[in-house]
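Just so it is clear: chains get the letters A, B, ... in the order the sequence lines come, proteins before strands, and each one is counted from 1. Given the structure is predicted, the values throughout are model-derived calculations rather than measurements.
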Number of protein chains: 2
Amino acid sequence: MKHVTIKDVAKRLNVSISSVSRAFNDKYDIKKETKELILKTAEEMGYFPNPIAKKLSQNKTFNIGVVVPEFINEYYSEIIIGIQEVFMAHGYQVLIAQSDEKPEIELKNVKTLIHSMVDGLIIAPTMDSGNMEYYLKELNAGYPIVFMSRVKETLEASKVYFNNKKWAFFAAEHLIRQRYKNIYYLAGYKSLNVSIDRIEGFKRAMNKHKIPKENYKVIETGLLAEEGMQVIEDLIYNHDLPDAIFCFNDRVAMGAIAKLKSNGIKVPEDIAVMGFTETRMVDLITPKLSSVKQPTFDMGKNAAELLFKQINNSLMEPQTIVLNGELTIRESSVRN
Amino acid sequence: MKHVTIKDVAKRLNVSISSVSRAFNDKYDIKKETKELILKTAEEMGYFPNPIAKKLSQNKTFNIGVVVPEFINEYYSEIIIGIQEVFMAHGYQVLIAQSDEKPEIELKNVKTLIHSMVDGLIIAPTMDSGNMEYYLKELNAGYPIVFMSRVKETLEASKVYFNNKKWAFFAAEHLIRQRYKNIYYLAGYKSLNVSIDRIEGFKRAMNKHKIPKENYKVIETGLLAEEGMQVIEDLIYNHDLPDAIFCFNDRVAMGAIAKLKSNGIKVPEDIAVMGFTETRMVDLITPKLSSVKQPTFDMGKNAAELLFKQINNSLMEPQTIVLNGELTIRESSVRN
DNA sequence: TTGTAAGCGTTATCAG
DNA sequence: CTGATAACGCTTACAA
């Protein structure tokens with residue numbers, strides 16, 4: 001139970017604790033044999049440097065904090081794995097906090113992590129609340145922060161995000177090319193930065209292909225399957241069905257498809273459906289869902305690397321990384 | 001950037017640092033006014049106790065480690081949320097490590113966490129490898145560990161798990177009551193403790209209802225949808241199809257359903273399907289999937305509370321908590 | 001009720 | 001190359 005300390009090792013070998021310390025941190029000069037002897041003995045004694053003491057004396061925690069809106073869905077889980085991979089390789093611990101999609105909880109999480117003195121933060125904000133100001137204040141005070149995923153392009157800070165405009169454009173264009181004439185976009189929350197970007201991409205495709213304004217619509221939904229269902233129910237009730245639907249994410253798409261099917265409307269024969277942020281479910285549902293895949297793992301890795309550089313002051317200017325994805329057409333969005 | 005310390009506060013008020021310390025830890029006697037004055041001044045100065053220093057002097061890290069097989073699927077994510085809720089309320093940080101279903105990585109994760117001196121561990125093991133011995137050695141050496149989810153009932157340690165036998169029995173019995181005569185169980189990995197228990201529950205139902213041995217089968221699959229698909233493909237190839245299939249989890253079930261459908265086999269008309277470990281997808285697929293819901297959140301909370309007690313020595317004997325679930329019959333397993 | 005001072009286990013500076 | 005020793009910021013006997 002008792003932890004062997006550097007002193008125990010030093011005493012055993014009749015060397016100073018500094019020597020032992022040096023043996024374990026090869027940035028100092030120390031004779032090779034001494035070092036090997038120390039390491040060997042330490043090993044035998046079951047000594048392992050106490051990370052807490054190291055943290056205190058170096059005034060670093062070697063912890064970083066990651067704040068995500070949720071990690072129930074695979075999207076942020078995969079991102080986190082990417083982050084962990086980078087930081088664990090550098091001997092850091094990654095503290096994960098999830099905000100349950102609530103800005104208040106997000107702010108609390110960030111404050112808790114800052115109080116626990118993490119060396120840096122990766123934040124994937126929920127909605128655009130007033131929190132950003134607070135984060136930027138911390139950032140300007142010298143706190144390393146990297147923003148991720150749901151961020152504005154204009155944000156003056158290091159950030160990593162998906163090129164939502166471009167890929168929403170591609171997805172919408174695909175539907176147009178399939179000769180669908182009436183296309184509705186179930187757009188997530190309009191207050192979400194990513195939503196705004198995807199709406200812009202969607203509209204750009206409509207304009208480029210000269211789809212008349214009365215032939216497309218942007219409808220606000222939430223992020224959940226139930227909300228996709230609700231919108232479809234309303235559309236059915238209002239006899240206002242398009243021939244193609246583009247959804248904010250796969251969950252909304254799956255909700256929409258389920259509701260359409262249960263009303264005897266066939267996908268894609270009667271109405272085509274397109275998802276976004278591809279999940280593992282796409283191949284398992286009927287029809288298989290067309291969707292846009294985001295490079296989640298890379299997103300995490302990139303954000304982590306940016307933060308790591310920031311922590312070590314090797315990043316002078318805020319840097320922005322914009323990632324691209326992959327559009328895979330499956331059964332749900334093609335003419336037979 | 002510079003952190004305000006206890007000394008700064010003490011100096012400002014001309015009190016000793018111990019007084020300041022005491023003001024922040026109300027377990028010592030201190031005059032009420034002094035305390036309030038100190039707290040107020042500290043607040044003004046932006047002082048916040050340095051957690052690292054506290055950790056070092058108390059020889060505790062106030063960190064606990066959680067090792068899960070994966071957190072891509074909602075199952076462990078929800079469990080983690082339950083754990084976090086309990087420990088954050090006690091001022092602990094929760095370090096999460098995922099083993100990618102690999103025992104070697106799991107062992108490495110546990111060792112890393114122990115080296116980083118977490119005050120206790122919650123381990124959800126991947127497979128039954130030799131790792132258990134190592135964990136029990138640490139446990140016996142006084143290290144607080146709680147095991148979770150995929151554990152043997154005979155394990156002599158605190159543990160929290162789902163009553164797999166019972167609920168696999170209920171699920172299988174439901175299929176029998178629906179008058180399905182040939183029932184196959186796609187059983188996950190046989191080396192998984194939960195698999196063994198569910199197989200036992202399945203067989204118990206078969207025996208109770210006197211289903212002849214030639215009318216049921218236990219087939220090893222993995223944990224993934226693809227593996228469910230593969231098994232169905234093989235069965236189709238061998239002209240060996242039952243009239244009902246019970247699956248290790250919803251993913252396997254969804255894979256099975258997808259493969260059956262793509263071969264023109266109707267669910268549940270031709271073959272009924274039953275899932276397990278209910279996911280949010282159950283209502284979104286066609287047909288809606290019958291499944292057994294596990295209390296993930298409670299599982300996390302219970303494990304966390306057990307560990308917390310162990311850390312604080314208020315738990316003398318290893319304790320076992322066995323949780324129950326909920327069987328929901330949907331479209332995939334009923335006769336019309 | 002308050003202050004003094006010795007830890008906690010390292011790193012890092014400065015001599016030697 | 002190695003050893004003493006002062007930090008790091010807090011808790012906690014012990015004394016007053």
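Residue pairs meeting the side chain to side chain donor-acceptor pair (under 3.5 Å) criterion with at least one partner in residues 35-49 of chain A, sequence neighbours excluded, are A:Lys40-A:Glu44. Among residues at least two apart or in separate chains, there is no salt bridge (charged side-chain N to carboxylate O under 4.0 Å, His left out) pair with a member in residues 47-73 of chain B.
Test A:Ser99, A:Ser191, A:Pro69 against A:Met127 for side-chain contact (heavy atoms from CB on, under 4.5 Å) and you get one pass: A:Ser191.
Set against C:dA12, D:dC8, D:dT2, the side chain of B:Lys7 has D:dC8 as its closest nucleotide. Distance from the side chain of B:Ser21 is smallest to D:dT12 among C:dG9, C:dA12, D:dT12. The A:Lys31 side chain lies nearest to D:dC1 when the options are D:dC1, C:dT2, D:dT12.
As rounded to whole Å, 9 Å separates atom P of D:dT12 from atom NZ of B:Lys54. Atom P of nucleotide C:dG9 and atom CG of A:Asp8 are separated by 8 Å, given to the nearest angstrom. Following rounding to the nearest Å, B:Lys55 (NZ) and D:dC10 (P) show an atom-to-atom distance of 13 Å. Atom CG in A:Leu56 sits roughly 6 Å away from atom C1' in D:dG9 (whole-Å rounding). In this structure, the CD atom of B:Glu36 is 13 Å from the P atom of C:dT1, given to the nearest Å. To the nearest angstrom, P of D:dT12 lies 16 Å from CZ of B:Phe24. Rounded to whole angstrom, the span from the CG atom of B:Asn59 across to the P atom of D:dA13 amounts to 14 Å. Following rounding to the nearest Å, B:Glu33 (CD) and C:dT1 (P) show an atom-to-atom distance of 10 Å.
Once rounded to the nearest 0.5 Å, the distance linking CZ of A:Arg12 with CD1 of A:Ile38 reads 13.0 Å.
Of the residues in residues 40-50 of chain A, those placing a heavy atom less than 4.0 Å from an atom of DNA chain C are A:Tyr47, A:Phe48, A:Pro49, A:Asn50, in numerical order. For DNA chain D, none of the residues of residues 110-118 of chain B falls under the heavy-atom distance limit of 4.0 Å.
Cation-pi geometry between B:Lys111 and B:Tyr134 is met: under 6.0 angstrom from the ring centre, within 45 degrees of the axis. Geometrically, A:Lys152 does not engage A:Tyr161 in a cation-pi contact, judged by NZ or CZ lying under 6.0 Å from the ring centre and within 45° of the ring axis.
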Salt bridge (charged side-chain N to carboxylate O under 4.0 Å, His left out) evaluation trace for B:Arg150 with B:Glu101: CA-CA 12 Å; B:Arg150 301 183 184 168; B:Glu101 296 287 0; 2.9 Å; yes

Could you walk me through whether B:Tyr76 and B:Thr296 pass the side chain to side chain donor-acceptor pair (under 3.5 Å) check? CA-CA 7 Å; B:Tyr76 287 106; B:Thr296 46; over 6 Å; no

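OP1 or OP2 of D:dT2 sits under 4.0 Å from a side-chain N or O of A:Thr34.
Between A:His90 and A:Phe308, the ring-plane angle classifies as parallel under the 30° and 60° cut-offs.
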Can you check nucleotides 3-6 of chain C for protein contacts, nitrogen or oxygen pairs under 3.5 Å, and list what you find?
residue	atom	partner	partner atom	Å
C:dG3	OP2	B:Ser16	N	3.0
C:dG3	OP2	B:Ser16	OG	3.1
C:dG3	OP2	B:Ser19	OG	2.7
C:dG3	N7	B:Arg22	NH2	2.5
C:dG3	O6	B:Arg22	NH1	3.2
C:dG3	O6	B:Arg22	NH2	3.3
C:dT4	O4	B:Ser18	OG	2.9

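By the 6.0 Å contact criterion, CD on A:Glu156 is open, its count of non-hydrogen atoms from other residues, nucleotides or ligands being 12 or less.
Rounded to 10 degrees, the angle separating the terminal axes of the helix from C:dT1-D:dA16 to C:dG16-D:dC1 is 40°, with each axis obtained from five end pairs.
Checked against the 6.0 Å centroid threshold, B:Tyr92 and B:Phe62 count as a close aromatic pair.
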